[in-house]
Structures are given as structure tokens and as C-alpha cells.
Amino acid sequence: MASAGVGRGRVRVAVVGDVHNDWTLEEDSKALHFLQPDLVLFTGDYGNENVQLVKSISDLQLPKAAILGNHDCWHTYQFSEKKVDRVRLQLESLGEQHVGYKCLDFPTIKLSVVGGRPFSCGGNRIFRPKLLSKWYGVNDMAESAKRIYDAATNAPKEHAVILLAHNGPTGLGSRMEDICGRDWVAGGGDHGDPDLEQAISDLQRETGVSIPLVVFGHMHKSLAYGRGLRKMIAFGANRTIYLNGAVVPRVNHAQSSRQPAISTSEKTGLEGLTGLMVPTSRAFTIVDLFEGAVEKISEVWVTVGDARTELEQELVLYKQPREHI
Ligand SMILES: [Zn+2]
């Protein structure tokens with residue numbers, strides 16, 4: 001694939017879809033430095049309130065933005081002022097890089113990332129309403145849409161805006177294989193977030209904010225009960241491209257076909273184990289933008305071992321002009 005997103009107007013974004021405990025800072029850092037993104041986006045569901053893992057994501061030495069998903073408040077039902085809970089610890093770890101209802105600017109690449117509703121579980125009902133109310137003062141979908149809208153209007157005029165949410169918006173189809181389609185019931189259904197759809201359509205109708213890309217996860221690529229694969233991109237009004245990054249599981253440990261050469265590497269393995277790093281294959285979705293418009297989107301698998309980091313597979317999802325492959 002093409003090399004780094006360097007050069008005037010050229011920007012590469014790497015999406016790390018729903019992690020579900022499949023993240024290792026050392027190996028994922030190697031893979032990401034190989035891919036050379038200007039910005040890394042995390043769609044949430046790191047574990048089930050896996051504070052250590054979220055801390056390790058915050059240690060990644062690349063520009064990044066993240067949002068918490070429903071699994072990141074899996075146990076904590078209500079934020080308590082007295083008791084330090086794990087939702088709070090995750091939010092503190094991420095700091096300003098948690099973009100829920102916020103606009104985070106990246107001036108050198110003329111991009112702003114605007115976050116959707118944290119903790120989303122999809123559908124018409126707000127998940128963990130007390131938590132959302134206590135942290136963000138948001139009590140219903142209309143307020144939530146307004147908060148996303150307001151955050152996006154804070155982006156500098158010359159910036160393109162990428163919306164980052166845990167779950168995608170309604171309005172992108174109701175078949176089970178659609179980008180936010182309900183796959184666990186026979187009849188399917190649209191399981192998108194209505195507040196996100198509202199915010200996007202209001203922004204497009206009322207403001208000049210340019211939204212080339214909306215990134216989310218939550219609805220996994222593999223459909224329930226072996227029903228096949230989900231469509232991971234969709235096209236909306238105003239040249240907005242919707243991207244679901246939830247390739248789950250995102251790490252494939254079965255790399256036995258290509259074992260690394262036996263070496264005397266001095267690298268210390270994880271958790272104090274010394275020796276070879278067992279090669280793993282790690283999924284990312286890469287978005288290349290040029291002058292604020294999406295040029296190409298690929299699902300890539302990068303093999304990371306002791307001695308080598310290499311591209312194992314690239315599945316092109318979109319290439320300008322619009323060819324949905
Ligand atoms: Zn989720």
C-alpha cells in the first residue's frame with residue numbers, strides 16, 4: 001500500500017475498532033509505526049472496564065482520539081463522587097483525548113475530531129442514563145444531538161471534521177448486514193444512534209462544517225449466528241462516508257504458517273517473559289484523505305513478530321472515485 005500520509009494536504013488516519021481486550025502496546029505500536037498514521041482513532045469497548053488497557057492506549061506515542069463504549073461502563077451504573085470508579089479512571093487516563101461531546105483539534109493536519117455520545121449501546125434508548133447525566137448533563141436524545149452539534153461548531157473553519165462515536169447513526173439501513181443493522185434478530189432493524197443522525201443532518205443543513213468521515217464501531221463485522229459479514233462503509237449526503245471499524249476480534253494469534261527465524265533477540269517479551277514474540281496479525285482500518293476528502297479506505301492486517309513487521313493483507317473498501325468493492 002502507499003506509504004505514509006506525509007506531504008501537503010495528505011493525511012492518514014488509522015482506526016482501531018472495538019478492542020475487546022485485544023490490544024498490546026508494544027505490538028500495536030510497532031504495527032502503527034509501520035502504517036505511519038497522522039492520527040489514530042479508537043472506537044471504544046476496550047474491555048469490560050479494563051482500566052489497565054485504557055491506560056496503555058493512553059501511552060501510545062501517536063496523536064489520537066478515543067471514545068468509551070457500552071462495555072467501558074459494563075459494571076458501573078452510576079458515577080459516584082465518593083467512590084473512585086472505573087469509568088472515572090478510564091476517563092482520567094484518556095484525558096483530553098476522550099472526545100465525547102467535545103472537539104479535539106489537530107491543527108497541523110487541519111482536522112478536528114468531534115465525539116458522539118459516550119457509552120452508547122445503540123438503538124433508541126440511552127444506555128447508562130444516570131452515568132451520562134452525571135458526567136455530561138445529558139438526559140435525552142435531543143440534548144445529546146445538540147451537544148454533538150455544538151461541539152462540531154467549535155471546530156476551526158478551515159478544518160475538516162471527523163465524527164468519532166461508539167455506534168453509528170440511524171438512517172443507514174435496516175437489513176441485518178447494513179452498517180448499523182441489528183443482526184441478532186431475524187427481522188433485522190436499524191440499531192443506529194438517532195442523536196448522531198440528528199446532529200449530522202442539522203450540521204449539514206445549518207452550518208458549513210465539512211464532515212468527510214464518520215467513524216464508529218459497536219456492531220461487529222461478523223454477524224451473529226454465522227450470518228455472514230457486515231457492510232463496513234456507507235455513503236451519505238454531502239459526500240460524507242460512514243465507516244464501521246469493528247473488526248472483532250482484531251488480533252489473530254494463529255500465525256503458525258510463518259514462524260520467525262530463531263534469533264538471539266534481547267527483546268524482553270510481555271510480562272517478563274524472555275524470548276521470541278509470537279507473531280500476531282493485527283487489524284486496523286486505514287483512511288487516506290487528501291485536502292480534506294477521503295481518497296481510500298482499507299482494512300489492513302499487519303503481522304508483528306520479533307524480527308519483522310509487515311503488511312499481511314489489505315482489503316480495499318473504497319477508492320476514489322466511488323467504487324464500493
Ligand atoms: Zn459496544
Side-chain angles (χ1 to χ4, degrees), residues 5 8-15 37-44 63-67 96-118 120 136-138 140-172 179-180 192-218 233-245 285 287-297 318 320-322:
R8 194 157 169 267
R10 206 167 279 285
V11 172
R12 172 166 287 182
V13 176
V15 177
D38 301 287
L39 173 65
V40 185
L41 302 178
F42 292 88
T43 62
K64 56 192 175 294
I67 190 147
E96 67 161 13
Q97 288 153 353
H98 185 261
V99 292
Y101 297 133
K102 277 195 331 194
C103 177
L104 185 58
D105 299 329
F106 296 89
T108 58
I109 52 173
K110 291 199 164 81
L111 270 182
S112 294
V113 180
V114 171
R117 168 166 42 95
S120 175
Y136 297 100
V138 167
D140 59 40
M141 289 292 184
E143 283 178 18
S144 182
K146 178 81 167 61
R147 289 288 296 274
I148 299 167
Y149 178 102
D150 288 348
T153 59
N154 286 329
K157 292 276 175 286
E158 70 277 17
H159 280 202
V161 165
I162 295 178
L163 284 175
L164 175 63
H166 179 55
N167 186 49
T170 44
L172 299 177
I179 193 165
C180 302
D193 286 4
D195 47 344
L196 187 57
E197 182 187 12
Q198 185 73 52
I200 293 168
S201 69
D202 289 350
L203 284 162
Q204 289 179 334
R205 195 177 58 250
E206 297 168 8
T207 75
V209 174
S210 163
I211 310 170
L213 184 66
V214 182
V215 175
F216 48 87
H218 185 59
I233 63 170
F235 303 99
N238 297 58
R239 303 183 70 209
T240 298
I241 295 182
Y242 296 86
L243 171 63
N244 181 337
T285 308
V287 183
D288 288 322
L289 299 106
F290 182 65
E291 302 290 0
V294 176
E295 269 194 337
K296 185 181 174 188
I297 303 178
Y318 167 77
Q320 207 177 39
R322 291 182 179 179

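Position 1 is the first residue of the sequence, and the numbers go up from there. No hydrogens, no waters, no symmetry mates; every other heavy atom, side chains included, goes into these values.
Atom CG of Leu164 is separated from atom NE2 of His98 by 8.5 Å, given to the nearest 0.5 angstrom. Summarising the geometry, atom CZ belonging to Phe290 is positioned 15.5 Å from atom NZ belonging to Lys296; distances are rounded to the nearest 0.5 Å. Taken to the nearest 0.5 Å, the CD1 atom of Ile162 stands 11.0 Å off from the CD1 atom of Ile241. For the atom pair OH of Tyr318 and CZ of Phe235, the computed distance is 6.0 Å after rounding to the nearest 0.5 Å. Atom CZ of Arg239 and atom CD of Gln204 lie 12.5 Å apart (nearest 0.5 Å).
Asp195 places no side-chain N or O within 3.5 Å of a backbone atom of Ser144 that could act as its donor or acceptor partner. A donor-acceptor contact shorter than 3.5 Å links the side chain of Arg147 to the backbone of Tyr136. Not a single donor-acceptor pair under 3.5 Å links the side chain of Asp193 to the backbone N or O of Leu196. Looking at His159, its side chain does come within 3.5 Å of a backbone N or O of Leu111 through a donor-acceptor pair. No donor-acceptor pair under 3.5 Å is formed between the side chain of Ser120 and the backbone N or O of Arg117. Side-chain atoms of Asn238 do not come within 3.5 Å of backbone N or O of Thr240 as any donor-acceptor pair.
The shortest heavy-atom contact between Ile179 and Ala234 is CD1-N, 3.8 Å. The minimum heavy-atom distance between Leu203 and Ala152, with the atom names listed, is CD1-CB, 3.6 Å. Closest non-hydrogen pair, Ile200 versus Tyr242, comes out as CG2-OH, 3.7 Å. Considering every non-hydrogen atom in both Ala151 and Cys103, the closest pair reads O-CB, 3.3 Å. Considering all non-hydrogen atoms of both residues, Lys64 and Leu104 come closest at O-CD2, 3.9 Å. Considering all non-hydrogen atoms of both residues, Ile67 and His166 come closest at CG2-N, 3.8 Å.
Salt-bridge check for Asp202 with Arg205: passed, with a basic side-chain N closer than 4.0 Å to an acidic carboxylate O. The residues Arg10 and Glu291 are annotated as not salt-bridged, no charged nitrogen and carboxylate oxygen being separated by less than 4.0 angstrom.
Between Tyr149 and Thr207, the side chains place no donor N or O within less than 3.5 Å of an acceptor N or O (distance only, hydrogens not considered).
Heavy-atom contacts from other residues, nucleotides or ligands closer than 6.0 Å to CD of Glu96 number 12 or fewer.
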